[in-house]
Amino acid sequence: MQKDNNTCNKKKTENNTEKRNSCFSWRENELRTRRSTSAQRRPQPQQKHIEMMHCLTRFSRVGHPVFTSRCRLLHAITIDKYPELLEHCIQTKSLKHGKMIHQHLLKNDSNYYNGNRNYFVLEKITRFYLICDRLGLARNVFDEIPEPTVILWNLMIRAYAWNGPFEASLDLYSQMLVSGVIPSKYTFPFVLKACSGLSAIEPGKMIHSHALRLGLDSDVYVSTALLDLYAKCGDLARAENVFYGMQCRDIVAWNAMIAGFSAHGFFDDMMRLFGDMQEAGISPNSSTIVTMLPAVAQASGLSHGKEIHGYSVRRGFSKAVMVGTGLVDMYGKCGCISYARTIFDLLGVKNEVTWSAMIGAYVASDQMREALILFDHMLLEESSRSPPLVALCCALRACTKLIDLTNGRRIHGCILKSGFLSDLMVSNTSLSMYAKCGILDDAAMFFQEMNPVDRVSYGAMISGCVQNGNSLQALDTFRKMQLSGIDPDEATMLALLPACSHLASLKYGACTHGYSVIRGFVADTSICNALIDMYAKCGKVKTAREVFNRMHKRDIISWNSMIAGYGIHGLGSDALALFGELRNTGLMPDGITFISLLIACTHSGLVAEGKYWFDSMVREFQIIPRVDHCICMVDLLGRAGLLREARSFIDKMPCMPNVHVWSALLAACKIHKDVELAEEAAKRIHSLGPESSGNFVLLSNIYSCAGRWEDAASIRITQSNQGFKKRPGCSWVEINGVIHAFTGGDNSHPQSEQIYKKLKELLTETKKLGYEAVPGVVFQDVEEEEKEHILVYHSEKLAIAFATISLSPSQPIFVTKNLRVCGDCHDVIKYITLVTKREITVRDTSRFHHFKDGVCSCGDFW
DNA sequence: TTAGGGTTAG
């Protein structure tokens with residue numbers, strides 16, 4: 001019987017949407033007719049259950065015990081004692097004795113089950129189970145009562161609205177209407193709460209109409225529940241209608257309306273209402289403050305946050321753990337980490353949310369070491385409890401940002417110990433940590449073993465692939481995501497687009513753009529920013545500008561991406577013009593704007609402009625130069641041949657020069673063949689370490705150029721001894737949507753023979769026009785012929801030869817390289833454009849080189 | 001009251 005009932009109830013819940021639609025067509029005039037037939041409509045006890053009760057009765061008819069106030073079974077009782085005893089159990093919440101009475105009733109009183117049941121006692125038992133939080137048992141008894149009172153219906157609806165499943169609450173409300181019972185003013189707050197929990201606004205609207213018909217909508221509890229439902233569901237206009245229609249608004253109503261504005265990001269409305277509330281003579285309470293703080297944090301409304309903080313202190317709320325935690329979170333998200341920490345330290349009582357909020361605040365403020373220190377502190381102070389899930393996730397994110405695999409593994413261990421790995425958010429955070437810490441194979445294995453996975457898991461994997469330089473794997477993961485039936489969202493596209501940018505794959509980039517249009521993602525500023533970057537890096541700077549022009553709303557990243565896009569194409573004047581437009585918008589440039597602008601000036605040789613804007617950055621925009629800006633300046637001056645000025649700039653830098661500053665100078669020395677300064681730069685790099693293989697190569701090549709072969713060889717030996725390997729050059733070209741990659745001297749391509757044949761032909765033709773292998777870029781004192789042989793096999797030459805035989809003569813060639821293009825290749829490509837009458841574009845790590853009619857857009861200045 | 005994958009430069 002119970003099982004049958006449960007199955008029946010389960011089915012009822014599963015079909016609740018259908019039922020809701022049917023029951024909510026309830027009309028007031030149907031109510032009276034249904035009421036008269038309600039007894040027939042209620043489920044009758046099943047035969048099986050009756051037989052079981054008879055059986056129990058036969059076995060245990062041994063008298064009726066009763067227990068005293070000391071809860072001991074003493075002597076026999078009669079039926080009329082049940083209500084009194086049950087009431088006692090309700091008052092004392094004594095589950096054991098209440099159950100005993102229930103069992104006794106089932107065993108010994110067949111009168112209850114032979115058609116003359118005392119349903120008053122069953123109602124008491126239902127109430128008893130509800131008060132003891134035994135909702136399932138309460139439901140079983142409740143279902144035996146043919147005509148429960150409206151009070152009992154309300155108690156059952158309330159129990160489901162508080163404990164869930166919310167569907168059951170709505171389901172019971174429907175049954176109540178069908179059985180002909182008229183809801184009371186107590187019914188609506190509970191059933192509306194269940195609607196809120198389900199975000200079920202349409203059923204909520206129908207229930208609203210029921211309350212209206214019964215004239216109960218003016219009740220302050222009913223109207224507050226209605227406004228709370230509308231506010232939670234984001235229908236703030238409807239919520240305001242209810243709110244302003246209320247004759248009497250208590251603090252709960254004000255708080256519900258404020259919570260609606262807060263939860264949906266209507267910061268200004270929320271603050272306005274906070275003021276109105278006080279003007280109306282209602283003093284905000286701690287719930288008001290707790291509700292408001294997340295919206296303040298989201299809007300970074302620090303000044304308002306401080307006002308609310310002051311108010312909380314004056315009212316004595318700030319010491320309450322929930323208010324204090326809200327303040328920690330608000331200050332953390334507004335960038336005032338020291339305020340957050342002070343409040344955290346002063347809080348007498350901290351709960352797990354407080355710890356998590358403070359650790360999260362450090363992560364949000366880019367203070368990862370402090371986040372991990374506090375996490376360890378928490379482990380010590382709260383050693384009796386397992387660490388909270390959110391704090392674990394925050395600490396793991398700190399490790400991810402630090403690329404700290406050791407601590408990441410340790411925290412992952414804590415997660416395994418706590419048994420949280422089944423939580424999808426935790427496993428996604430762990431996946432992201434492994435992927436971003438560079439152990440992509442482990443991350444891929446972890447991902448494969450994850451069950452279930454969601455779009456965040458795929459996003460983490462795609463992003464991890466891109467950040468580890470494996471963009472092809474990122475595209476492959478995206479393909480698998482589509483096959484799995486999980487729909488990508490904006491974040492997925494934002495992870496994927498850099499893969500297209502990195503590969504310079506216009507085909508995939510354009511597909512991603514098309515997909516984003518279909519899904520309506522292009523309304524998102526971040527998506528457009530990523531599209532600008534993608535088109536610019538795929539060689540389509542005009543398309544990038546079209547995306548930029550069509551944007552409805554641009555943020556500073558939009559402008560920075562476009563300025564950087566012009567920069568890598570050597571369009572310094574366009575970058576400066578766009579920067580001028582930016583100044584007219586009133587949007588404040590940031591540090592990255594100036595890095596992009598300085599790079600654009602560097603690639604176009606606009607030295608005076610670069611120097612002017614560097615000074616202006618400090619003077620006009622009060623941006624303190626970071627080491628990244630200084631690297632740009634050394635690059636700008638050095639490439640222009642102003643080596644002494646670059647050297648002097650380093651001395652005057654407002655921050656300590658790092659390896660990259662000296663590397664920029666070393667690169668400039670290579671271009672302008674200044675061996676003496678190069679040696680100083682190399683020494684500085686050596687003292688700062690760790691060095692990169694690029695610097696060994698640069699210095700070695702400088703010595704080679706100067707004919708100092710022994711020094712060049714010595715550098716190479718040092719490089720080898722210190723375990724630095726030269727990063728292999730790799731170039732690739734996309735032909736009909738397939739990416740073909742080549743390394744130096746590569747003969748693995750299926751068309752390798754034809755490629756080398758074509759390259760030989762091209763070189764023969766270029767030599768007729770005057771091409772000679774450029775000396776000085778080969779690191780050894782080798783014979784000229786052999787030097788030429790080494791250069792022949794550079795990856796960009798192989799990619800160009802392959803593109804020449806794969807594309808029709810009218811099609812331009814676009815090659816991408818993972819290092820800077822070498823001087824000899826740069827020279828020979830110019831000749832190849834003369835021989836083939838083709839346009840060739842090479843994107844290296846620094847910029848674009850557009851070759852046409854024997855000339856490169858970089859003006860041989862890169 | 002806290003929380004997972006995401007866009008620009010270097």
Side-chain angles (χ1 to χ4, degrees), chain A residues 286-287 289-294 297 320-330 332-333 347 350-361 363-364 388-397 400 423-433 435-436 453-464 466-467 481 488-498 501 521 524-534 536-537 555-565 567-568 590-600 626-632 635 658 660-661 663-664 845:
Chain A
S286 60
S287 296
I289 305 302
V290 169
T291 299
M292 290 175 74
L293 286 170
V321 65
M322 280 176 76
V323 174
T325 303
L327 287 168
V328 166
D329 181 55
M330 183 274 293
K333 286 188 177 142
L347 264 178
K350 299 179 181 72
N351 63 21
E352 63 177 50
V353 181
T354 320
W355 285 99
S356 306
M358 191 64 232
I359 296 166
V363 175
L389 184 150
V390 177
L392 284 163
C393 282
C394 291
L396 209 51
R397 285 195 69 210
T400 309
D423 182 283
L424 195 52
M425 188 180 72
V426 175
S427 50
N428 282 339
T429 313
S430 306
L431 170 68
S432 181
M433 185 275 291
K436 300 274 167 58
V453 291
D454 65 359
R455 61 162 68 99
V456 176
S457 327
Y458 276 102
M461 198 60 214
I462 292 168
S463 172
V466 175
Q467 293 198 15
M481 178 179 183
D489 63 0
E490 286 97 332
T492 321
M493 294 295 121
L494 286 173
L496 187 68
L497 278 164
S501 304
F521 296 159
D524 185 286
T525 301
S526 300
I527 289 282
C528 291
N529 296 344
L531 286 170
I532 291 168
D533 179 63
M534 182 274 293
K537 285 181 180 160
D555 60 14
I556 194 61
I557 298 179
S558 324
W559 292 89
N560 293 351
S561 303
M562 198 61 238
I563 290 170
I568 55 173
D590 64 9
I592 297 175
T593 316
F594 285 97
I595 289 173
S596 306
L597 194 67
L598 291 172
I599 290 170
R626 294 197 318 252
V627 71
D628 292 343
H629 296 103
C630 298
I631 296 166
C632 292
D635 206 20
N658 64 10
H660 303 293
V661 173
S663 298
T845 47

N/O donor-acceptor pair, side chain A:D454 with base B:dG4, under 3.5 angstrom: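 Such a pair exists between side chain and base.
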For the base of B:dT2, is there a side-chain donor-acceptor partner from A:S356 under 3.5 Å away?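 Result: at least one qualifying N/O pair found.
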Consider the side chain of [X], meaning its heavy atoms from C-beta on, and name the nucleotide among [options] that approaches it most closely.
X	options	answer
A:M322	B:dG5, B:dT1, B:dT8	B:dT1
A:M425	B:dG10, B:dG5, B:dA3	B:dA3
A:A564	B:dG4, B:dT2, B:dA9	B:dA9
A:D628	B:dG4, B:dG10, B:dG5	B:dG10
A:K537	B:dA9, B:dT2, B:dG5	B:dA9
A:Q467	B:dT1, B:dG6, B:dG4	B:dG6
A:L424	B:dT7, B:dT1, B:dG4	B:dG4
A:S526	B:dA9, B:dG6, B:dT1	B:dG6
A:N351	B:dT1, B:dG10, B:dT2	B:dT1
A:P294	B:dG6, B:dT2, B:dA3	B:dT2

[X] vs [N]: side-chain N/O to OP1/OP2 distance below 4.0 Å:
X	N	result
A:K436	B:dG4	no
A:K350	B:dT2	no
A:R397	B:dG4	yes
A:S463	B:dG6	yes

For atom NE2 of A:H629, is the number of surrounding heavy atoms from other residues, nucleotides or ligands below 6.0 Å larger than 12?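 Yes, because the 6.0 Å sphere around NE2 of A:H629 holds more than 12 heavy atoms from other groups.
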Please determine, by modelled atom types, if [X] and [Y] share a side-chain donor-acceptor pair under 3.5 angstrom.
X	Y	value
A:N529	A:S526	no
A:D555	A:T525	no
A:N560	A:S596	no

Report the distance from atom [atom1] of [X] to atom [atom2] of [N], rounded to the nearest whole Å.
X	N	atom1	atom2	answer
A:L392	B:dG4	CG	P	13 Å
A:I527	B:dT8	CD1	P	12 Å
A:N428	B:dG5	CG	C1'	7 Å
A:I557	B:dG6	CD1	C1'	10 Å
A:D590	B:dA9	CG	C1'	9 Å
A:L396	B:dG5	CG	C1'	13 Å
A:R626	B:dA9	CZ	P	13 Å
A:I462	B:dT7	CD1	P	12 Å

Pair A:M433-A:T429, side chain to side chain contact (heavy atoms under 4.5 Å, CB included): steps then yes or no: CA-CA 6 Å; A:M433 185 275 291; A:T429 313; 6.0 Å; no
Quick check for you: to the nearest 0.5 Å, what is the distance between A:I568 atom CD1 and A:T845 atom OG1?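 Result: 11.0 Å between the selected atoms.
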